[in-house]
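Step one of this worksheet: look at the structure below.
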Amino acid sequence: MRGSFKVSAPGKLFLFGEHAVLHGQSALVCAVTQRMSIIVKMRPDSSVRIFSDLGEFYTDLQNIQSHPQFRFVLSAISSQAKYLRTGFDLKIESDFSANVGLGSSAAVTAATTAALFEMANRERKPLDIFQAGLETVRKIQGTASGADLAAAVFGGIISYRMQPLSIEKSDQKYPLTVVYSGTKLPTTKVINIVEEKRQRHPKLFASIFELMGKSALQAAEAIKKNKWQKVGELLNINQGLMDAIGVNNRVLSEIVYLLRREPEILGAKISGSGLGDCVVGLGSIQQDLSYQILPVEISTEGILFLNKKDVVRVLLGGKNISAKTSASAFASSNIALCKYWGKRNEELNLPVTSSLSVSLGHLGTRTKISFSSTADRIVLNDHELANDAPFARRLISFLDLFRSRGEKYIVETKNNFPTAAGLASSASGFAALVLALDDLYEWRLTKRELSILARLGSGSASRSIFNGFVEWQRGSRDDGMDSFAQVLAKQWPELRLGVVTVADEQKAVASRAGMRRTTETSKLYRSWPLQVEKDLRNIKEAIQRRDFELFGKTAESNALAMHATMLAAWPPLLYWKPQTVLVFQKVWEMREAGVPVYFTIDAGPNVKLLFLESQFNVVREDFHKLEIVTPFIR
Ligand code: DP6
């Protein structure tokens, strides 16, 4: 059992058969990218404390009390309590509100049950977690098909039948448009309304449910063959069937027809029990609606143990066996030309977008690591840090991921760029540390795997494992196993960077906090992924064609667009100093005068000029104190 860990499970969306499934028919339900997470911290006593945005509740493992807000979690705990020896703190986090029908009860039940399996050291078999979760849900809801729970446990698109139990998963994906109608009637209420009608017209309802079940199976077949047009048609037909059982209303109809007018939407129907809640359209929407569009995508991932430690476990297996006595490695720093700004997962440093950087050649970090017989010791640029200094704390908690036998380390890390140059040291710092660890333990990981490990330390460090132009792929997996950097084949020996140092103090708001503030509050952030998509294409093309104008223009406008998203955050984020703006203006004046020079700027006040060797003297004349970097000449 571990001291602290995190488990998450996806929300769900019904595609077909939501009512029919309760009458023994098949349904089709998919897991979505929005998730619920459970963070568990074991306690030395028997207290059980639950925390969420909805409130807190304290009880005891020996005598678990109930609470209406935490029914599912508490019922799951009660049924697994016999396997546990100590209490724990359990924090619930959600990417979505319980008011929209994305299946928060199923997701929280799946994640809590999985967490309880982990706490009790029970093997995490998905089917066992599903069965235990279903027992919990049925204790509370009575009738529950378990289809939403199957999506939460297994992920992907699930073809589901209750009796005899059948769960078939498909990993296919297609864009969805999900629109919330603004209201939701509790599922049990809608089920009761339908049940009353069914009792009046049992034969009619039986045949409608049968049609719904058949459609679900036909849709599952069509999805296997990637025949999405067919799935769209089936959705439209099933909207009619939902109407026939009386779960449609005016708003839902209006949304269905608005979606069907969209050129890329292949079909639309109510999703979930109806009489409110959501409409699902198959395909992407081009225009804005006056109704709330939920940013929902199909996810192939079910329950995930989303810890850095789990990622390390997957990558290293039991590899921390042999070790040298010491090892050392160098990693170049890097500057993004198309920036990483915003995380889709903060624990694992998974970015919202891909990014592209150029490494800084000889400027970087050399790190030596060896074992300590006493405590961890962190030496930065020849000065030993207190272990509670922020940088030391960050390194030590990163090193915690790798200690398999309680080993302690001495880390001596040295940046060869002037600290005053304001270059990010976390990128080369974590990359060099990971390279040194790979050598120390003789893991012999691939660069791709090393890039994933470095990302766990700092996002931009994933790029510092490589030299030259480097692209960090966003990836789409929730565990981040496809989010790593790769080098671009093309080089550009004439490319020069000039670092203009405006200030060398610590930035007031660290990248992590700045990104969070921007993604949470900045209206402009919505347009950022689109801008990055275009900029990435242009930068790669510019590198390919050695088109310096396109290169410089794209990098400069990408950096300014990133800062625009920050300015639109609340409270506003401004990393610039007055001199920063003077440097921008100087660059613009030079361009006016025909000198091809551009700039880029990270989350700090210092500016990095981009120019070609041929302009070296002109740029030098205008900027006297300039640290020149030759990325491709070592
Ligand atoms: C503006 O990699 O330092 O430099 O992942 O939280 O450690 P963490 O952030 P970090 O962020 C770098 C942001 C940037 C842009 C970039 O390098 O792409």
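Quick caveat: nothing in here was measured; it's all calculated off a predicted structure. Just follow the structure's listing: the first ligand is 1, and inside any ligand the first atom is 1. Along the sequence shown, residues carry numbers from 1. Scope of the values below: all heavy atoms of this structure, side chains included, with no hydrogens, waters or symmetry mates.
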Original post:
If you measure from atom 6 (O) of ligand 1 to every heavy atom of His563, Arg512, Lys343, which option wins on shortest distance?
Top reply: Lys343
Check each atom of ligand 1 against the heavy atoms of [X] and keep those under 4.0 Å away; list them by number with element.
X      : answer
Ala336 : 16 (C), 17 (O), 18 (O)
Asn349 : 5 (O)
Ser460 : 2 (O), 3 (O), 10 (P), 17 (O)
Lys339 : 15 (C), 18 (O)
Met515 : 9 (O), 11 (O), 13 (C)

Would you say ligand 1 has an N or O under 3.5 Å from any N or O of [X]?
X      : result
Arg394 : yes
Gly459 : yes
Ser355 : no
Tyr340 : yes

**OP:** Determine whether the aromatic ring centres of Tyr598 and Phe551 lie less than 6.0 Å apart.
**Re:** no
Please determine, by modelled atom types, if [X] and [Y] share a side-chain donor-acceptor pair under 3.5 angstrom.
X      : Y      : answer
Ser299 : Lys173 : no
Asn307 : Arg313 : no
Ser462 : Arg455 : no

For residues 531-543, tabulate all N or O donor-acceptor pairs below 3.5 Å that involve a side-chain atom, not counting sequence neighbours.
{"from": "Gln531", "atom 1": "NE2", "to": "Asp535", "atom 2": "OD2", "distance (Å)": "2.8"}
{"from": "Asp535", "atom 1": "OD2", "to": "Asn558", "atom 2": "ND2", "distance (Å)": "3.0"}
{"from": "Lys540", "atom 1": "NZ", "to": "Glu471", "atom 2": "OE1", "distance (Å)": "2.9"}
{"from": "Lys540", "atom 1": "NZ", "to": "Glu471", "atom 2": "OE2", "distance (Å)": "3.3"}
{"from": "Glu541", "atom 1": "OE2", "to": "Arg545", "atom 2": "NE", "distance (Å)": "3.2"}
{"from": "Glu541", "atom 1": "OE2", "to": "Arg545", "atom 2": "NH2", "distance (Å)": "2.4"}

Using a 4.0 Å heavy-atom threshold (strictly under), name the region of [X] that reaches ligand 1: side chain, backbone, both or neither.
X      : answer
Arg463 : side chain
Ser426 : side chain
Ser458 : both

Original post:
Parallel, tilted or perpendicular: which fits the ring planes of Tyr441 and Phe371, with parallel below 30° and perpendicular above 60°?
Top reply: perpendicular
**OP:** Over 60° means perpendicular and under 30° means parallel, so classify the ring planes of Trp588 and Phe584, tilted if in between.
**Re:** tilted
What side-chain donor-acceptor pairs closer than 3.5 Å can you find for residues 388-397, not counting sequence neighbours?
{"from": "Arg393", "atom 1": "NH1", "to": "Asp388", "atom 2": "O", "distance (Å)": "3.2"}
{"from": "Arg394", "atom 1": "NH2", "to": "Gly457", "atom 2": "O", "distance (Å)": "3.2"}
{"from": "Ser397", "atom 1": "OG", "to": "Arg393", "atom 2": "O", "distance (Å)": "3.4"}
{"from": "Ser397", "atom 1": "OG", "to": "Arg394", "atom 2": "O", "distance (Å)": "3.4"}

Original post:
Take atom CD in Glu549; do more than 12 heavy atoms of anything else shown fall under 6.0 Å from it?
Top reply: no
Subject >> 4.0 Å heavy-atom contact, Arg455 with ligand 1 >> reply: no
